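Worth saying up front: this structure is predicted, and the values here are computed from it rather than measured. Below, chains carry the letters A, B, ... as their sequence lines are ordered, and counting in each starts from 1.
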Amino acid sequence: MSGSNLPRTYDAKGAEERFYPWWEENGFFQGDPEGEGEPYSIVIPPPNVTGSLHMGHALNNAIQDFLIRYKRMDGYNAVWIPGTDHAGIATQWVVERQLREQGLDRRDMGREAFLERVWAWKEESGSVITHQLRSLGVSCDWSRERFTMDEGLSAAVRHVFVKLYESGLIYRGTRMINWDPVGQTVLSDLEVEHEENYQGEMWSFAYPLAEGGGEIVVATTRPETMLGDTAVAVHPDDPRYVDLVGKMVRHPLLDREFPIVADAELVDPEFGTGAVKVTPAHDPNDFGVGKRHDLPFLTVLDDQARVNELGGRFEGLDRYEARTAVKEAMAELGLDRGTEPHLMSVGRSQRSGAIVEPMISTQWFVKMGPLAEPAIEAVENGETKFIPERWENTYFAWMRDIRDWCISRQLWWGHQIPAWYCDDCDAVTVAMEDPTACSACGSASIRRDEDVLDTWFSSALWPFSTLGWPSNTPELSKWYPTAVLVTGFDIIFFWVARMLFSGIHHMGGVPFADVFIHGLVRDTNGEKMSKTKGNVVDPLKTIEAHGCDAFRFTLAQYATQGRDILWDDNRVEVNSRFINKIWQAFRFADMNLEDFQPGNDVELGAYDRWILVRTGEAVRRVREAMDGHRFNEVATEIHAFVVGEFCDWYIEFSKQAIYGDGPERGAAQQTLVEVLAAIARLIHPVMPFLSEEIWQQLPDSAKGGVESVMMAPYPKASDFPEDPELLAAVAPVQESIGALRKLKADMGLAPRLGISVLVDGEVSTALMAHEGALAHLAGVERLEPLRGEEPANCATLPVSGGRLVIPLDGLVDIDAERARLTSEIEKTSKDVNDLEKRLSNEGFVARAPAQVVDGFRVKLAGATEKLDKYKAALKEIS
RNA sequence: AGGCAUGUAGCUCAGUGGGAGAGCACCGUCCUGACACGGCGGGGGUCGGCGGUUCAAGUCCGCCCAUGCCUACCA
């Protein structure tokens with residue numbers, strides 16, 4: 001009589017394969033800058049073009065998809081711009097490694113051939129990650145996909161460089177920089193990772209005084225740098241060294257002499273001997289000393305950190321070989337004053353892992369002061385808000401103490417710096433179009449700067465370069481500024497801060513209203529996932545095994561604001577069962593709809609109206625959570641509503657009507673369809689595929705002619721009725737069913753055992769009206785009002801506004817009921833005592849809000865009534 | 001050294017001054033016409049510690065302990 005053609009278990013993979021291409025081909029992801037609605041735009045944090053999808057991407061992009069799908073359904077003019085990053089160092093590194101495996105070196109190939117090779121690799125692997133992203137179900141507008149090195153974005157980069165150069169915000173300067181001797185490029189401060197508790201050594205040695213007859217002992221963690229020493233510094237007030245200041249020491253390994261200087265800034269007289277060796281060209285502090293005392297800056301290491309010609313007989317040694325050799329040589333001279341183990345911190349290249357060498361070098365810099373200031377103000381005055389807010393402190397701390405940004409890199413893959421040097425007059429020409437002559441002297445003998453820009457230089461422009469800037473496009477005027485940037489805390493400095501000052505400077509306003517910062521995905525033990533540790537969870541494998549929606553729902557559950565995630569893949573499997581449960585609920589409706597006649601003006605039953613009221617409440621809670629970006633709460637509310645209200649109660653209630661053939665059947669059908677249509681839309685941002693599958697199978701009447709759920713309006717609480725009285729009327733039914741089920745469990749009775757129930761008290765009338773539900777859900781075979789004396793051997797269940805009396809003859813020993821009542825009395829007494837104690841507190845009654853006090857009085861009344869009923873029942877059977 | 005965060009059930013975590021919650025795990029029970037990938041019922045907590053504010057503190061304040069992260073030029 002009823003049936004369904006739907007599969008018995010939900011086919012997640014089938015839905016994914018059918019709907020994603022359908023959505024994309026029909027242009028459902030595409031934004032229209034000329035279209036209706038308030039703008040809501042997001043730009044994707046562009047993944048490395050040759051990278052592959054990991055859990056961090058999955059979390060990041062799932063969150064963006066939750067938001068964009070929600071807003072799109074809610075009537076906004078929504079667009080999500082995808083794209084990829086050329087990832088300068090990372091990509092060049094990968095290709096160089098490929099070359100090395102073939103015995104090739106990029107220097108032998110030359111720049112042009114090498115770049116061809118990188119482009120080929122980009123073409124080969126560049127679509128991998130964007131296709132992996134599609135497996136996540138993300139609704140990016142792929143027709144607007146961009147790449148940081150495509151024509152338009154390269155033009156934006158060049159435009160910015162020229163503009164900043166002309167206004168003096170980009171300059172070329174000679175500074176102490178971080179040098180990666182393995183990658184052989186300069187790095188910004190951010191690309192240096194500090195490793196604490198590195199086990200090093202503190203080596204002390206003596207510099208002999210040039211005049212003879214004395215020495216001064218200094219200590220260092222880097223013996224090889226003594227080859228570049230050009231001073232010894234002491235504190236000006238240190239009595240031990242007052243007489244030595246101004247005297248010369250002799251370099252025992254090189255034919256040089258240099259002075260002892262007094263420097264209060266560098267030297268702490270309490271530390272060590274109070275005398276410090278000074279290497280102005282290989283230490284950031286000593287660099288300052290060199291400037292202050294006008295010392296020579298002797299660079300003694302080459303770009304591979306090998307000792308150069310200034311190192312005398314140590315020339316050609318690598319810095320660590322030189323370290324040993326210098327110590328040995330000094331020991332032979334009797335100048336070694338001992339070595340002690342020393343814990344220190346070292347800076348390593350983020351990419352190569354090499355210990356970074358401080359070097360003096362001429363590089364390009366962005367002058368940060370004037371750019372940082374308005375970017376700080378914008379966050380201070382709330383134009384851009386961080387969520388959670390505490391990240392603003394991190395942002396402020398860095399921005400207020402910011403140093404100029406070194407933007408040149410000695411790489412080939414990237415945006416080549418548009419600067420030309422003149423052989424004849426040394427002038428620099430920076431121009432939008434490639435120049436043929438020096439802008440100063442007109443000489444045709446000009447050479448282009450070989451270096452490229454830091455990858456983050458182009459990323460900084462992403463929120464407007466992807467919208468067509470510097471052209472004045474419709475996209476730019478509609479979608480800039482973007483609504484929200486979703487990213488991890490690890491790139492607040494690298495990227496978020498730089499987008500902020502870039503947007504403000506070039507566009508005249510912040511690039512995004514909100515910055516949503518999520519945590520890191522770690523393994524079950526809280527360890528960072530890494531290939532070397534072998535604890536990486538592959539999101540694609542998880543999706544393959546359990547389905548995209550289960551995976552996304554799990555991400556939503558985990559996405560508590562600001563906390564790292566300890567990923568347990570098992571949860572995805574658990575959630576796939578929840579997905580299937582929603583499917584089963586839909587199947588229940590579907591297999592009972594063959595005679596459904598939509599549009600009939602059926603009168604809804606109490607349970608129908610009840611679930612509609614409940615649905616409205618759930619919609620309100622889900623919306624609130626979504627608006628607050630509390631995705632874990634979104635997941636919780638969806639689960640609580642679908643399982644706890646719709647499945648556990650409404651579907652069970654509705655069976656009485658559905659299995660009959662009266663008009664209530666039509667009303668239940670109508671309600672099932674309506675609620676399922678709401679559920680499909682409600683869950684869509686998190687579970688796009690299941691929701692579409694349900695939507696496609698629902699009767700047309702429920703869909704308002706909308707062909708895809710992703711284009712349907714997100715449910716509003718106001719679509720549903722409010723009815724507190726109805727909720728109050730159904731509550732005792734649920735309470736009674738619960739109490740009867742528990743009684744059976746406590747007494748060891750079979751759950752489906754038919755029982756008789758006598759109802760007593762003011763609630764009787766209400767319960768008598770729900771006889772069917774009590775029969776169906778609690779096995780009540782006979783329900784009637786208690787008249788006169790209650791029979792002997794009964795169990796008593798207090799419920800709000802009355803009690804249920806269940807004759808136990810032939811069911812269970814009366815002792816069991818006596819024990820049960822005694823236990824309940826004990827519990828309830830404690831409850832009553834606690835409440836009485838609270839209410840007898842005069843301060844509480846006098847000072848707490850009346851509403852709160854009344855609330856507790858009602859609870860006390862209820863508990864007391866319950867206690868009295870238990871006591872009376874016990875007395876009755878004793 | 002400074003800063004930020006975290007500490008709640010066996011595990012992972014919600015919790016917005018008003019009687020401590022969820023999922024998983026655990027125990028008991030039921031294959032009832034959506035779902036055993038399930039239903040029903042249950043046990044389990046000194047909310048890291050000490051003090052303070054308040055009628056009332058997991059929640060606000062202070063100190064301490066533990067853990068994690070970020071920033072920093074300590075020879």
Side-chain angles (χ1 to χ4, degrees), chain A residues 1-2 4 6 8-10 176 189 194 202 204 218-222 225 233 266-268 271-279 283-288 342 344-345 347 358 388 390-391 393-394 397-398 401 489-490 492-493 520 524 526 557-558 560 562-568 570-571 573-592 630 632-633 635-636 639-640 647-648 651-652 655 658-659 737-738 741-746 748-752 776-779 831 834-835 838 841-849 851-853 855-856 859 863:
Chain A
M1 112 165 217
S2 65
S4 170
L6 300 175
R8 284 189 63 83
T9 54
Y10 174 60
M176 176 144 282
D189 297 335
H194 296 274
M202 180 71 84
S204 300
V218 296
T220 182
T221 55
R222 304 198 48 204
T225 61
L266 177 76
V267 182
D268 171 9
F271 191 94
T273 61
V276 188
K277 65 186 276 301
V278 179
T279 321
D283 183 280
N285 292 315
D286 296 3
F287 182 78
H342 181 73
M344 49 192 274
S345 78
R390 64 186 150 83
W391 290 109
N393 294 326
T394 308
W398 189 69
D401 192 30
F489 58 81
D490 48 334
I492 289 178
F493 304 146
L520 227 58
T524 324
Q557 285 182 319
Y558 269 126
T560 302
R563 281 184 72 138
D564 284 355
I565 291 167
L566 272 56
W567 186 263
D568 181 356
N570 185 247
R571 260 168 93 149
E573 189 190 332
V574 169
N575 286 329
S576 73
R577 289 188 219 133
F578 171 48
I579 302 285
N580 185 56
K581 181 152 178 108
I582 303 176
W583 176 248
Q584 297 304 334
F586 173 65
R587 268 184 79 233
F588 167 75
D590 184 73
M591 58 178 56
N592 290 291
R630 297 185 302 271
N632 61 316
E633 214 173 296
T636 303
H639 188 271
C647 293
D648 288 352
I651 287 184
E652 295 306 326
K655 282 175 181 172
I658 283 290
Y659 294 146
I737 290 167
R741 284 168 171 173
K742 181 161 158 48
L743 177 77
K744 287 184 177 175
D746 286 348
L749 298 171
R752 303 183 65 199
H776 182 68
L777 299 179
D831 199 18
D834 288 351
L835 289 161
R838 177 179 292 260
N841 181 337
E842 284 172 32
F844 172 68
V845 177
R847 301 217 190 178
Q851 209 185 337
V852 173
V853 177
F856 279 101
K859 282 171 186 166

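One atom, CZ of A:Arg630, and another, C1' of B:rU16, lie 9 Å apart when rounded to the nearest Å. We find that CZ of A:Phe493 is positioned 12 Å from C1' of B:rC69, with the value rounded to whole Å.
Using a 4.0 Å heavy-atom criterion, one finds that A:Thr9 contacts the bases of the nucleic acid, with or without backbone contacts as well. Residue A:Pro358 is classed as having no contact, given no heavy-atom separation below 4.0 Å to the nucleic acid. At a threshold of 4.0 angstrom between heavy atoms, the contacts of A:Asp746 with the nucleic acid are absent. Using a 4.0 Å heavy-atom distance criterion, A:Ala848 is classed as a base contact. Across all strands shown, A:Ile651 has heavy atoms under 4.0 Å from base atoms, whether or not it also approaches the sugar-phosphate.
A:Phe586 and A:Leu6 get closest at one heavy-atom pair: CE2-CD1, 3.4 Å.
Across all strands shown, B:rC13 is found opposite B:rG21 as a Watson-Crick or G-U wobble partner, with both distances under 3.5 Å. Under the Watson-Crick or G-U wobble criterion, with both distances below 3.5 Å, B:rA1 is paired with B:rU71. Across all strands shown, B:rG58 remains unpaired; no Watson-Crick or G-U wobble contact has both distances below 3.5 Å. Nucleotide B:rU6: paired with B:rA66 (Watson-Crick or G-U wobble, both distances less than 3.5 Å).
Of the P atoms belonging to B:rC35 and B:rC40, the separation is 14 Å, rounded to the nearest Å. Straight-line distance between the C1' atoms of B:rC13 and B:rC70: roughly 24 Å, to the nearest whole Å. Across B:rG21 and B:rA5, the matching C1' atoms stand 23 Å from one another, rounded to whole Å. Here the separation of B:rG10 from B:rG19, taken at their P atoms, is 23 Å to the nearest Å.
Side chain of A:Met344, nearest nucleotide from B:rC40, B:rA14, B:rA75: B:rA75. Across B:rU29, B:rG19, B:rC13, the shortest atom-to-atom separation from the side chain of A:Leu835 is found for B:rG19. Side-chain proximity of A:Val267 to B:rC69, B:rA75, B:rC35: nearest is B:rA75. Listed nucleotides: B:rC74, B:rG18, B:rG39. Nearest to the side chain of A:Lys581: B:rG39.
Ring geometry for A:Phe578 against A:His639 counts as tilted: the plane angle lies between 30° and 60°, on a 0 to 90° scale.
Residue side chain A:Lys655 does not reach the base of B:rG33 through any donor-acceptor N/O pair under 3.5 Å, judged by distance alone.
Counting heavy atoms from C-beta on, the side chains of A:Tyr558 and A:Asp568 come closer than 4.5 Å.
Taking only side-chain nitrogens and oxygens, A:Arg8 comes nearer than 4.0 Å to OP1 or OP2 of B:rC35.
Remark: the backbone N or O of A:Gln557 is not paired with any side-chain donor or acceptor of A:Glu633 at under 3.5 angstrom.
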